[in-house]
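A short worksheet on the structure shown next.
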Amino acid sequence: MGHKGLDAQGYFEREGSLGRVPRTFAPVVAAARERIAEAYGRRLHSAYLYGSVPRGTARPGRSDLDLLLALHREPADDDRDTADVLGRGLDEDFPEIDGVGVLLYGKDRLLSEEERFDLGWFLACLSTPLLGEDLAEQLPRYRPDGVLARETNGGLAALLPAWRSRVREASSPEEHRKLSRSYARHLVRSGFTLVMPWWGGWTSDLVESAEVFGRYYPDRAAQMRAAAAVALEPVADPAVLRTYTEDLGPWLAREYTARHGVPGRGRSRTVAEASRPAGLDGSVTGPGPR
């Protein structure tokens, strides 16, 4: 593997492969392949794994199974119902996994210009082919620049109102646990992609992501390390969730916009413009937060 997840030319190397799937999870993956094909038939263009299972880092009984399905057309309600049934069935039949996530999209959307630096990048770089023709062959190669940073995780500000609503509505420890895991993951990923252009590479490891972020924002490093810990070991403490929605999340959203701009705007900016906003020089210490 190239330096920091990149090849010799500085492009992302695709992370994960079927060869890295841990032996414990091989029956789950085999069942997923069979059941996806049976459930969707000719509606399915291709299917992909992503997350810890194809990276080889999944933990039995604690990691979930993440699937991306590309249909020949935009998914309808019955397609989503099928995905729900598929996910529940796999989760119930295989104690090795703790939940199943299924992303469902039409192939034209995955290949569209609008999704080129978001879903397209996600499929081409972070998803492992499981079934069908690999759509990555129709997508460009990617570098860890500011355009990619903006388009992949620059939408945090728009998510925060819904996050706050879910926290208010959550009433059980299990609900709090699930939200803490989801929000912590998102915040760590966003923190890493904020600084990704200056670090000059890619990692999906949450602990490493938090450490890389902390080199550029030392005043927030402890918070991000704590979020990485919660992402791996969820907690049922509502106070942790409020910290995410009222402190770390809003700060990160503001900083992201200040550094990279608003997603969907200015995609034609050059890499040089997009990857080095004023005030960040790429040094390991960095300037810290504004």
- Message: What verdict does the side chain to side chain contact (heavy atoms under 4.5 Å, CB included) test give for L148 and W202, after you've listed the backbone C-alpha separation in whole Å, the side-chain angles of each residue and the deciding distance to 0.1 Å?
- Response: CA-CA 12 Å; L148 182 60; W202 176 262; over 6 Å; no

- Start with the C-alpha distance between F122 and T152, add both sets of side-chain angles, then the distance that settles side chain to side chain contact (heavy atoms under 4.5 Å, CB included), and finish with yes or no. CA-CA 8 Å; F122 181 81; T152 53; over 6 Å; no

- Task: Given side chain to side chain contact (heavy atoms under 4.5 Å, CB included), test E115 with L110 step by step and report yes or no.
- Result: CA-CA 6 Å; E115 296 292 348; L110 291 167; over 6 Å; no

- Item | Check against side chain to side chain contact (heavy atoms under 4.5 Å, CB included), D134 and R14 | CA-CA 12 Å; D134 185 7; R14 200 171 201 172; 2.5 Å; yes

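Looking at R181 and D98, their side chains come closer than 4.5 Å, going by heavy atoms from C-beta outward. Looking at heavy atoms from C-beta onward, H72 lies in side-chain contact with K107 at the 4.5 angstrom threshold. In this structure, the side chains of T203 and E211 stay at 4.5 Å or more apart for every pair of heavy atoms. Taking the side chain as every heavy atom from C-beta outward, M224 and V188 approach each other to under 4.5 Å. For the pair R116/L139, a side-chain contact is recorded, criterion being any heavy-atom separation below 4.5 Å from C-beta on. Two residues are said to be in side-chain contact when any heavy atoms from C-beta on lie closer than 4.5 Å; L252 and R220 fail this criterion. R20 is not listed as a side-chain neighbour of T128, based on a closest heavy-atom distance of 4.5 Å or more. Looking at heavy atoms from C-beta onward, Y40 lies in side-chain contact with L104 at the 4.5 angstrom threshold.
Between W251 and Y217, the ring centre distance stays below 6.0 Å. Taking the six-membered ring for Trp and the full ring otherwise, Y244 and W163 have centroids separated by 6.0 Å or more. If you look at W199 and F192, their ring centroids are closer than 6.0 Å.
Between atom CG of residue L123 and atom CG of residue L68 there is a gap of 5.5 Å, rounded to the nearest 0.5 Å. Here M196 contributes atom CE and S209 contributes atom OG; the two are 11.0 Å apart, rounded to the nearest 0.5 Å. How far CG of L111 is from CD of E137: 11.5 Å, rounded to the nearest 0.5 Å. Separating the CG atom in L187 from the CG atom in L206 is a distance of 11.0 Å, to the nearest 0.5 Å.
Contact between A149 and P197 at its shortest, heavy atoms only, is CB-CG, 4.0 Å. Closest approach of G10 to P144, counting heavy atoms only: O-CD, 3.8 Å.
For the pair K178 and E175, the salt-bridge criterion is not met [side-chain N within less than 4.0 Å of a carboxylate O]. Comment: E92 does not engage R88 in a salt bridge, judged by the lack of any side-chain N to carboxylate O separation of less than 4.0 angstrom. A salt bridge does not link R166 with E169: none of the charged nitrogens is closer than 4.0 Å to a carboxylate oxygen. Salt-bridge formation is not detected for the pair R109/E114: no Lys NZ or Arg NE/NH1/NH2 atom is positioned less than 4.0 Å from an Asp or Glu carboxylate oxygen. Salt bridge annotation for D79-R73: present, with a cationic side-chain nitrogen under 4.0 angstrom from a carboxylate oxygen.
Judged purely by distance below 3.5 Å, without hydrogens or angles, the side chains of R168 and S165 pair a donor atom with an acceptor atom. A donor atom on one side chain and an acceptor atom on the other are not found under 3.5 Å apart for T245 and Y183.
Cluster annotation: L65 is not connected to L232 through the hydrophobic network of ILVMFWY side chains, with a link wherever side-chain heavy atoms come within less than 4.5 Å. Criterion: ILVMFWY side-chain heavy atoms under 4.5 Å apart, direct or through other members. Under it, Y48 and L71 are not part of a common hydrophobic cluster. Linking ILVMFWY side-chain heavy atoms closer than 4.5 Å, directly or via other members, places F213 and V207 in a single hydrophobic cluster. Residues V29 and L69 share a hydrophobic cluster, clusters being chains of Ile/Leu/Val/Met/Phe/Trp/Tyr side chains in contact below 4.5 Å.
In this structure a side-chain-to-backbone donor-acceptor pair under 3.5 Å is present from E151 to G264. Using a distance-only test at 3.5 Å, with no hydrogens or angles considered, a donor-acceptor pair links the side chain of H260 to the main chain of L194. Under a 3.5 Å cut-off, the side chain of R189 and the backbone N or O of S204 do form a donor-acceptor pair. No donor-acceptor pair under 3.5 Å is formed between the side chain of R35 and the backbone N or O of L86. Listed for the S182 side chain is no donor-acceptor partner under 3.5 Å among the backbone atoms of L179. Checked by atom type and distance alone, the side chain of R143 pairs as donor or acceptor with a backbone atom of Q9 at under 3.5 Å.
Between Y142 and F117, the angle of the ring planes goes over 60°, which puts this pair in the perpendicular group of the 30/60° scheme.
Crowding of E34 atom CD: a count of heavy atoms from other residues, nucleotides or ligands under 6.0 Å not exceeding 12.
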